[in-house]
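These notes are about the structure you will find just below.
The structure presented is a predicted model; accordingly, all values stated were derived computationally and were not measured.
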Amino acid sequence: LAKIAEHRPDLIFIDIMMPRLDGYQTCALIKNNRLYKSTPVIMLSSKDSIFDKARGKIVGSEQYLTKPFTRDDLLGAIADYSGK
Amino acid sequence: VVNSKQNTADMAHILVVDDSPTERHFISKLLEKTGHKVSTAESGEEGDWLIGEIDWEDYVVPVISFEQLCNQTRMVKSNHIRAVICYVIDNAESFPLYAIEVQSMPRPLILDSRALHNHDGMMNKYSELISYYVKIGSKELAIPNFQKLEEILLTRAS
């Protein structure tokens, strides 16, 4: 949250597989915060199951990109959700 | 191909959170090449000393974990967090109040200034966050440097 407060990003890409606080938990922290919940979050993962994608939706992410993603996937997500 | 004349107002500021330095680098470079501004974090825990906010009277009060700010493990003993609400010394308009998480019931203590000391053995980059140490019974406690805390919060809030 401090990083978001510091940088005020238009959009956040979060990897799901991280030690301790994973991407789902990180996304939930952002989406449960009144100040930052409107910031779009795109989950990045090599997991491709429906369950994983659904979990991404449940924690409030806007989109779920499966690795390997392309340059166009990333730029498309930015265009779709950052409004830029 | 990116149009070099693309308006910078069209460019987004992106935060990339990934524990893999290779992936962080790859994504950052790719986005920067297309003109976007990129910031990175190694984990969701980075900078997680700002642990939430409290609606109190007409204010949104940021809550900080002093342990996490000093890069120490936050000891969460229960789901019931107590927080001490502090007035900002410099009377900042952007946030006049902030709160520090505490793990036990706060109680006032009268301290003799002779009991205060610097802890030479713990000098590190977080030392500036601590004004003094004081020994209470068998425990050595840290007294936060509130001015420094406020500077950090104001930097983040500006």
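Per-residue heavy-atom pair counts under 4.5 Å with chain A were compared for B/V16, B/V38, B/L30, and the maximum is reached by B/L30. The choice from A/T39, A/L44, A/L35, A/I4 that makes the most heavy-atom pairs within less than 4.5 Å of chain B is A/L35.
A single hydrophobic cluster is not seen to contain both B/L149 and B/V102; linkage of ILVMFWY side chains at heavy-atom distances under 4.5 Å, directly or through other members, places them apart. Hydrophobic clustering (side-chain heavy atoms under 4.5 Å, transitive across Ile, Leu, Val, Met, Phe, Trp, Tyr) groups B/I100 together with B/W49. Under the 4.5 Å side-chain heavy-atom criterion for ILVMFWY residues, a single connected hydrophobic cluster contains both B/I54 and B/Y87. The hydrophobic clustering, which links ILVMFWY residues whose side-chain heavy atoms are closer than 4.5 Å, places B/V88 and B/L69 together. No continuous path of hydrophobic side-chain contacts links A/I58 to A/F51 [ILVMFWY only; heavy atoms under 4.5 Å].
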Inset, instruction - Please report the C-alpha distance between A/D10 and B/H36 in whole Å, then the side-chain angles of each, then the deciding distance to 0.1 Å, and finally whether the side chain to side chain contact (heavy atoms under 4.5 Å, CB included) criterion is met. - result: CA-CA 10 Å; A/D10 298 306; B/H36 295 296; over 6 Å; no
Inset, instruction - Kindly determine whether A/L75 and B/T34 satisfy side chain to side chain contact (heavy atoms under 4.5 Å, CB included), including the steps that lead there. - result: CA-CA 9 Å; A/L75 297 180; B/T34 57; 3.6 Å; yes
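Taking a 6.0 Å sphere around CD1 of A/I50, one finds it holds 12 or fewer heavy atoms contributed by other residues, nucleotides or ligands. Residue-environment remark: CZ (A/F69) exceeds the threshold of 12 foreign heavy atoms within 6.0 Å.
Within the 4.5 Å cutoff, no side-chain heavy atoms of B/V17 are placed close to those of A/F13.
Rounding to the nearest 0.5 Å gives a distance of 5.0 Å between CG of B/L15 and CD1 of A/I12.
Taking both residues in full, the closest heavy atoms of A/M17 and B/D19 are given as O-OD1, 3.2 Å, listed atom of the first, atom of the second, then distance. Between B/E23 and A/K67, the shortest heavy-atom distance links the atoms OE1-NZ, 2.9 Å. Counting all heavy atoms, side chain and backbone alike, B/A12 lies closest to A/I78 at CB-CG2, 4.0 Å.
For B/I64, no part sits under 4.5 Å from any heavy atom of chain A, backbone or side chain.
Remark: side-chain polar atoms of A/H7 are not paired, donor with acceptor, to backbone N or O of B/H13 under 3.5 angstrom.
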